[in-house]
Amino acid sequence: MSEDLQGLDLVELIDRLEPAPQPPPISLMPETAAWAWLALAVAAGAFLLWRRWQARRAARRYRGDALLALAAAGDDPAAIATVLRRTALTAFARADVASLHGDAWLAFLDRAYGGTEFTAGAGRALATAPYRASAPVPGLADLARRWVRAHKAGAP
């Protein structure tokens, strides 16, 4: 064999070399069961967080619907009163909201909002708006939008 290599130059000798054997591929599977359990726990935690986020998003969706309805209502006090009533029935227990009217309704809106703008401000128009036609009240639409965004659901 060494006689065959006589007279060959370096490039020819390198060409006759055999390639080094490749190591077996490294597996991506975990070596122990603990890693599999950890991956399962992380996946379950991510799923639970996603479900919680979905539930909270669904629970707050009524606010967006109410804001859209208020935008459609414009400055009509009767339409605003209807939107606020539907929003309150969605956010609070029906037994706490459905029978309220007049000053009790306005006090409820103030308690849920944390102010006095319904009983002593522009919100006074809501006490009679569903029962008789009334002119637009300045600031009522803005007050209703603020109430929808800031009320504390289930509080009163």
Side-chain angles (χ1 to χ4, degrees), residues 1-2 4-5 8-101 103-123 126 129-130 139-156:
M1 187 157 145
S2 64
D4 292 341
L5 300 178
L8 297 176
D9 63 359
L10 183 59
V11 173
E12 293 171 336
L13 286 173
I14 290 176
D15 287 341
R16 296 183 116 199
L17 287 175
E18 291 185 25
Q22 294 291 325
I26 297 173
S27 171
L28 295 178
M29 283 300 291
E31 293 278 331
T32 62
W35 286 109
W37 285 107
L38 179 64
L40 184 65
V42 167
F47 177 74
L48 290 174
L49 285 174
W50 177 77
R51 291 283 296 183
R52 185 175 179 191
W53 175 77
Q54 288 284 74
R56 293 182 81 178
R57 186 171 158 229
R60 288 190 302 256
R61 187 173 301 137
Y62 76 93
R63 290 182 194 255
D65 294 343
L67 290 172
L68 288 174
L70 282 173
D75 289 332
D76 180 17
I80 292 171
T82 302
V83 171
L84 288 180
R85 177 73 65 167
R86 280 190 318 203
T87 304
L89 286 170
T90 302
F92 301 94
R94 183 170 287 281
D96 294 342
V97 177
S99 63
L100 296 177
H101 62 281
D103 289 336
W105 169 239
L106 299 177
F108 171 84
L109 291 173
D110 278 341
R111 281 194 312 273
Y113 179 58
T116 60
E117 295 177 70
F118 287 100
T119 54
L126 295 177
L140 181 60
D142 290 333
L143 176 61
R145 276 192 291 278
R146 285 195 315 267
W147 186 87
V148 168
R149 286 187 185 113
H151 72 271
K152 291 157 185 61

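Note that this is a predicted model, so its numbers are computed, not measured. FYI, side chains are in, hydrogens and waters are out, and symmetry mates aren't considered; it's all heavy atoms of this structure.
Between Ala141 and Asp75, the shortest heavy-atom contact is CB-OD1, 3.8 Å. Nearest heavy atom pair, residue Gly139 against residue Ala122, reads C-CB, 4.2 Å. Residues Arg63 and Val148 approach most closely at NH1-O, 2.7 Å, considering heavy atoms. The two residues Gly123 and Leu106 make their nearest non-hydrogen contact at O-CD2, 3.3 Å. Ile80 and Gly74 make their closest contact through CD1-O, 3.7 Å (heavy atoms, listed as atom of the first residue, atom of the second, distance).
In this structure, Arg86 contributes its side chain and Ala66 its backbone to no donor-acceptor pair below 3.5 Å. Of the possible donor and acceptor atoms, none in the side chain of Arg145 sits under 3.5 Å from a partner among the backbone N and O of Ala71. At distances below 3.5 Å, not a single donor-acceptor pair connects side-chain atoms of Trp147 with backbone N or O atoms of Leu84.
Taking CH2 of Trp35 as the start and CG of Leu38 as the end, the distance is 6.0 Å to the nearest 0.5 Å. Of the inter-residue distances, the one linking Thr87 atom OG1 with Leu70 atom CG reads 6.5 Å to the nearest 0.5 angstrom. Of the inter-residue distances, the one linking Leu140 atom CG with Phe118 atom CZ reads 7.5 Å to the nearest 0.5 angstrom. For the atom pair Phe47 CZ and Arg51 CZ, the distance stands at 5.0 Å (nearest 0.5 Å).
In this structure, His151 and Phe92 have tilted ring planes: the angle between them lies in the 30° to 60° band.
Arg146 has its side chain within reach of Asp142: a pair of non-hydrogen atoms, C-beta onward, lies under 4.5 Å apart.
Results of the side chain to side chain contact (heavy atoms under 4.5 Å, CB included) test with Arg85 over Leu126, Leu109, Leu100 single out Leu100 as the only residue that passes.
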